[in-house]
A.B. asks: 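Please find one structure pasted underneath; my questions will follow.
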Amino acid sequence: MLTLENLSVQYGKATALHGVSMEVAEGSAVSLVGANGAGKTTLLRSISGLISPSSGEIRFKGQKINGMPPSDIVKLGIVHVPQGRRLFPYMSVMSNLKLGASLRKDKDGIKRDMDMVFEHFPRLYERRNQRAGTLSGGEQQMVAIGRGLMADPKLLLMDEPSMGLAPRLVAELVPVIKTINKRGISVLLVEQNVPLALGVADKGYALQVGRIVLEGDIELFKTSDIIKKAYLGE
């Protein structure tokens, strides 16, 4: 579904990504783990068209998407749930969710997906008329994910959804991400929280200083010395 081939990104003279190659198969859940500054967010921003790679190629369902405007990439079905939630704090929960569907015309589909979001996150239905900025951190993350789902994604890019959440709320993300994936939505999850990343994915990649240092089945990650030493403190 998604293929990156020798992707490199530079900020001035600094190279953030060095020849990164990876794949996300249709219907799969893939986790990309790495420490702060490893280049994880840069990679997602490149896929969603917010950054132009200096070299390499990004293809989605066989189509090259390098250089396409972000709005056109969304129309193809790639939807980015950004780090830090990026909600409109003075707008209601419902208004924030509706913004996710702003490029859609299918009213029946929009209603169906709104019902799906409230099925995933019943608390959002209770708070649908409340200003998003008054919600707890966990509830705001629910809105951010829900807004992404309202765009009817084929591939959902999730950037550090656990950031700033209490451990109990992080644990609640695992079944949510698994259910989203079971509905047929492919997921590329970027995380520092390795237990969360390993708990939802079929396949994993580890990124260190802009380079892929490990890739493979998620069971490999659970036993890898690289992961144990670098991310699990063993």
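The analysis underlying the following values was restricted to heavy atoms, covering all of them including side chains, and did not include hydrogens, waters or symmetry mates. Since this is a predicted model, take the numbers as computed values, not measurements.
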A.B. asks: Are the side chains of Glu160 and Glu191 in touch, meaning some heavy atoms are under 4.5 Å apart?
C.D. replies: yes
A.B. asks: Taking the side chain as every heavy atom from C-beta outward, state whether Met158 and Val190 have any pair of such atoms under 4.5 Å apart.
C.D. replies: no
A.B. asks: To the nearest 0.5 Å, tell me how far Asp159 CG sits from Thr41 OG1.
C.D. replies: 3.5 Å
A.B. asks: Are Glu26 and Lys154 close enough for a salt bridge, meaning some N to O gap below 4.0 Å?
C.D. replies: no
A.B. asks: Taking Asp108 first and then Arg112, would you say they form a salt bridge - that is, a charged N and a carboxylate O separated by under 4.0 Å?
C.D. replies: no
A.B. asks: Asn96 and Ala132: which non-hydrogen atoms are nearest, and at how many Å?
C.D. replies: ND2-CB, 3.5 Å
A.B. asks: Does Leu44 form a side chain to side chain contact (heavy atoms under 4.5 Å, CB included) with Leu32? I'd like the steps, not just the answer.
C.D. replies: CA-CA 10 Å; Leu44 289 193; Leu32 177 69; 5.8 Å; no
A.B. asks: Knowing that exactly one of Met142, Arg127, Gln141 qualifies, which makes a side chain to side chain contact (heavy atoms under 4.5 Å, CB included) with Leu135?
C.D. replies: Arg127
A.B. asks: Would a distance-only check, ignoring hydrogens and angles, find a side-chain to backbone donor-acceptor pair under 3.5 Å from Ser28 to Val24?
C.D. replies: no
A.B. asks: Locate the shortest heavy-atom distance separating Ala197 from Val33; write the atom from each residue and the value.
C.D. replies: CB-CG1, 3.5 Å
A.B. asks: According to a hydrophobic-cluster definition based on side-chain heavy atoms being under 4.5 Å apart (Ile, Leu, Val, Met, Phe, Trp, Tyr only), do Leu99 and Ile78 belong together?
C.D. replies: no
A.B. asks: With no hydrogens and no angle check, is any side-chain donor or acceptor of Ser186 less than 3.5 Å from a backbone partner on Gly27?
C.D. replies: yes
A.B. asks: With a 4.5 Å limit on heavy-atom distance, are the side chains of Asp152 and Asp113 in contact?
C.D. replies: yes
A.B. asks: So, does Ser92 use its side chain to make a donor-acceptor pair with the main chain of Asn129 at under 3.5 Å?
C.D. replies: no
A.B. asks: Can Val74 be reached from Phe88 by stepping across I, L, V, M, F, W or Y side chains whose heavy atoms are under 4.5 Å apart?
C.D. replies: no
A.B. asks: What's the spacing between Leu188 CG and Met22 CE if we round to 0.5 Å?
C.D. replies: 5.0 Å
A.B. asks: Kindly compute the distance separating CD1 (Ile212) from CG (Leu207), expressed to the nearest 0.5 Å.
C.D. replies: 5.0 Å
A.B. asks: Okay, side chain of Asn193, backbone of Ser162: is any donor-acceptor separation there less than 3.5 Å?
C.D. replies: no
A.B. asks: For Thr42, is there any backbone N or O sitting under 3.5 Å from a side-chain donor or acceptor partner on Ser46?
C.D. replies: yes
A.B. asks: Start with the C-alpha gap between Ile177 and Val187, add the side-chain angles, then the distance that decides, and say whether side chain to side chain contact (heavy atoms under 4.5 Å, CB included) holds.
C.D. replies: CA-CA 8 Å; Ile177 297 171; Val187 176; 4.2 Å; yes
A.B. asks: Kindly compute the distance separating CZ (Arg104) from OG (Ser102), expressed to the nearest 0.5 Å.
C.D. replies: 10.5 Å
A.B. asks: At what distance, to the nearest 0.5 angstrom, does CG of Leu149 lie from CZ of Arg183?
C.D. replies: 8.5 Å
A.B. asks: Which heavy-atom pair separates Pro53 from Val9 by the least distance, and what is that distance?
C.D. replies: CA-CG2, 4.0 Å
A.B. asks: Would you say Glu215 and Leu220 make side-chain contact, with heavy atoms under 4.5 Å?
C.D. replies: no
A.B. asks: Going only through I, L, V, M, F, W and Y residues with side-chain contacts under 4.5 Å, is there a path from Met94 to Phe121?
C.D. replies: yes
A.B. asks: Counting only heavy atoms not in Tyr11, do more than 12 sit closer than 6.0 Å to its OH atom?
C.D. replies: yes
A.B. asks: Under the criterion side chain to side chain contact (heavy atoms under 4.5 Å, CB included), I'd like the reasoning laid out for Ile185 against Leu155: C-alpha separation, chi angles, the key distance, then a yes or no.
C.D. replies: CA-CA 6 Å; Ile185 299 170; Leu155 172 63; over 6 Å; no
A.B. asks: If I take atom CD1 from residue Ile51 and atom CG from residue Leu43, how far apart are they, to the nearest 0.5 angstrom?
C.D. replies: 9.5 Å
A.B. asks: Taking the side chain as everything from C-beta on, heavy atoms only, tell me whether Leu189 gets closer than 4.5 Å to Ser31.
C.D. replies: yes
A.B. asks: At their closest point, which heavy atom of Pro153 faces which heavy atom of Val79, and how far apart are they?
C.D. replies: CB-CG2, 3.6 Å
A.B. asks: Salt bridge check: are Glu57 and Arg59 linked by an N-O gap of less than 4.0 Å?
C.D. replies: yes
A.B. asks: Test of understanding: with ring pair (Phe, Tyr, Trp, His ring centres under 6.0 Å), list the residues that count as partners of Tyr125, not counting sequence neighbours.
C.D. replies: Phe118
A.B. asks: Looking only at heavy atoms, which two atoms of Pro70 and Leu50 are closest? And how far apart?
C.D. replies: CG-CD2, 4.0 Å
A.B. asks: Taking a hydrophobic cluster as the set of Ile, Leu, Val, Met, Phe, Trp and Tyr residues connected by side-chain heavy atoms closer than 4.5 Å, whether directly or through intermediates, do Ile180 and Val174 fall within one such cluster?
C.D. replies: yes
A.B. asks: Verify the cluster assignment for Leu87 and Met163: are they in a single hydrophobic cluster under the rule of side-chain heavy atoms below 4.5 Å apart?
C.D. replies: no
A.B. asks: If you define the side chain from C-beta out and look only at heavy atoms, does anything of Arg86 sit under 4.5 Å from Arg147?
C.D. replies: yes
A.B. asks: Taking the side chain as C-beta and beyond, is there a heavy-atom pair between Leu2 and Glu23 under 4.5 Å?
C.D. replies: no
A.B. asks: Regarding Arg123 and Glu172, does a basic nitrogen lie under 4.0 Å from an acidic carboxylate oxygen?
C.D. replies: yes
A.B. asks: Tell me, with the steps shown, if Lys203 and Tyr205 meet side chain to side chain donor-acceptor pair (under 3.5 Å).
C.D. replies: CA-CA 7 Å; Lys203 184 177 180 179; Tyr205 292 86; 3.1 Å; yes
A.B. asks: Looking at Gly210 and Val20, what are the two nearest heavy atoms and their distance?
C.D. replies: O-CG2, 3.5 Å
A.B. asks: Quick check: does any side chain N or O of Ser54 sit under 3.5 Å from a backbone N or O of Ser8, one acting as donor and the other as acceptor?
C.D. replies: yes
A.B. asks: So which pairs with a foot in residues 61-80 pass side-chain hydrogen bond (donor to acceptor under 3.5 Å, both in side chains), sequence neighbours left out?
C.D. replies: Ser48-His80
A.B. asks: Taking C-beta and beyond as the side chain, do Leu156 and Asn181 meet within less than 4.5 Å on heavy atoms?
C.D. replies: no
